[in-house]
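First the structure, in the form of structure tokens, and then the observations on it.
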Amino acid sequence: QVQLVESGGGFAQAGGSLRLSCAASGRAFSTVAAGWCRQALGKERECVASVNWRGTSTFYANSVKGRFTISRDNAKNAVYLQMNSLKPEDTAVYYCAAENRAYGVSYSLIRDYHYWGQGTQVTVSS
């Protein structure tokens, strides 16, 4: 069982930066892939970044590639999303997510997760 709690959301101006953190509980977290997804008001959920269980392989949606960086620290049971060059269209609730497939291998952005956090709001003003 894995529980996820996000933090670090807030307000930023266009061009600014924010760093999201996700604290995970449960020993299994270090063995599963994790990622970040977001949902803007009135829009479908979009998964934007994923990282494998070792932290050695990352994937990004085209909408954030080159601006966002996902990383993880298994010793701290945490995953992060560094968001730079923010745009107003990045405004959304951001969710941390994790798979339940231990030592899984992925070759593209993961969009199907088993565990979800409660979300943190990110608002970018123009």
Side-chain angles (χ1 to χ4, degrees):
Q1 191 77 353
V2 174
Q3 293 183 323
L4 305 168
V5 179
E6 303 94 337
S7 61
F11 294 90
Q13 289 190 332
S17 298
L18 284 173
R19 187 186 192 222
L20 304 183
S21 298
C22 175
S25 63
R27 294 181 180 179
F29 179 75
S30 63
T31 68
V32 299
W36 291 90
C37 302
R38 66 186 183 186
Q39 188 163 23
L41 197 62
K43 294 189 176 182
E44 293 187 354
R45 185 181 65 199
E46 176 190 24
C47 289
V48 297
S50 62
V51 59
N52 68 342
W53 64 273
R54 293 169 59 185
T56 56
S57 180
T58 58
F59 297 97
Y60 299 92
N62 288 335
S63 57
V64 306
K65 198 172 294 183
R67 301 187 297 120
F68 290 10
T69 302
I70 188 171
S71 61
R72 69 188 296 163
D73 185 340
N74 285 341
K76 296 182 178 179
N77 255 19
V79 64
Y80 308 99
L81 186 68
Q82 178 66 42
M83 305 185 294
N84 298 330
S85 302
L86 283 164
K87 303 175 181 180
E89 50 264 45
D90 294 321
T91 296
V93 176
Y94 283 72
Y95 297 91
C96 177
E99 286 192 325
N100 65 344
R101 184 174 58 125
Y103 309 114
V105 177
S106 297
Y107 299 99
S108 62
L109 180 66
I110 299 170
R111 295 180 171 86
D112 186 19
Y113 295 97
H114 188 77
Y115 302 104
W116 294 87
Q118 83 289 351
T120 185
Q121 176 70 46
V122 170
T123 303
V124 183
S125 61
S126 57

Exercise. Less than 4.5 Å apart, any side-chain heavy atom of M83 and any of V122?
Worked result: yes
Exercise. Between atom SG of C37 and atom OH of Y95, what is the distance when rounded to the nearest 0.5 Å?
Worked result: 10.5 Å
Exercise. When hydrophobic residues are tied together by side-chain contacts of less than 4.5 Å, even through go-betweens, does L109 share a cluster with W36?
Worked result: no
Exercise. Among the clusters formed by ILVMFWY side chains lying less than 4.5 Å apart, do L81 and F59 turn up in the same one?
Worked result: no
For this session: Give me the ring orientation class for F68 and Y94: parallel if the planes are under 30° apart, tilted from 30 to 60°, perpendicular past 60°.
Result: tilted
Seminar exercise, completed: Interatomic distance, CD1@I110 vs SG@C47, rounded to 0.5 Å, equals 9.5 Å
Exercise. Taking a hydrophobic cluster as the set of Ile, Leu, Val, Met, Phe, Trp and Tyr residues connected by side-chain heavy atoms closer than 4.5 Å, whether directly or through intermediates, do Y113 and F29 fall within one such cluster?
Worked result: no
Exercise. Quick one: OH on Y80 to OG1 on T69, what's the gap to the nearest 0.5 Å?
Worked result: 14.5 Å
Problem set entry | Sequence neighbours excluded, every pair satisfying salt bridge (charged side-chain N to carboxylate O under 4.0 Å, His left out) that has a member inside residues 69-89 | none
Exercise. If you take all heavy atoms of A40 and A92, which pair is closest and at what distance?
Worked result: N-CB, 3.7 Å
Exercise. Taking C-beta and beyond as the side chain, do T91 and Q121 meet within less than 4.5 Å on heavy atoms?
Worked result: yes
Exercise. Quick one: CZ on R101 to NE2 on H114, what's the gap to the nearest 0.5 Å?
Worked result: 13.0 Å
List, one per line, each side-chain donor-acceptor pair under 3.5 Å for residues 5-25, sequence neighbours excluded.
{"unit_1": "E6", "atom_1": "OE1", "unit_2": "Q118", "atom_2": "N", "d": "3.1"}
{"unit_1": "E6", "atom_1": "OE1", "unit_2": "Q118", "atom_2": "NE2", "d": "3.3"}
{"unit_1": "E6", "atom_1": "OE1", "unit_2": "G119", "atom_2": "N", "d": "2.9"}
{"unit_1": "E6", "atom_1": "OE2", "unit_2": "C96", "atom_2": "N", "d": "2.7"}
{"unit_1": "E6", "atom_1": "OE2", "unit_2": "G119", "atom_2": "N", "d": "3.2"}
{"unit_1": "S17", "atom_1": "OG", "unit_2": "N84", "atom_2": "OD1", "d": "2.9"}

Exercise. About how many Å separate CG of N100 and OG1 of T31, when rounded to the nearest 0.5 Å?
Worked result: 9.5 Å
Exercise. When rounded to the nearest 0.5 angstrom, what is the spacing between CD in Q39 and CD in E46?
Worked result: 10.5 Å
Exercise. Can you check whether N77's main-chain N or O pairs, donor with acceptor, with N74's side chain at less than 3.5 Å?
Worked result: no
For this session: Answer with yes or no whether the hydrophobic clustering places V48 together with L4; edges join I, L, V, M, F, W, Y residues whose side-chain heavy atoms lie under 4.5 Å apart.
Result: yes
Problem set entry | Which residues share a side-chain contact (heavy atoms from CB on, under 4.5 Å) with S85, sequence neighbours left out | R67
Exercise. For the hydrophobic clusters of this structure (ILVMFWY residues joined by side-chain heavy atoms under 4.5 Å, transitively), does one cluster hold both V64 and V79?
Worked result: yes
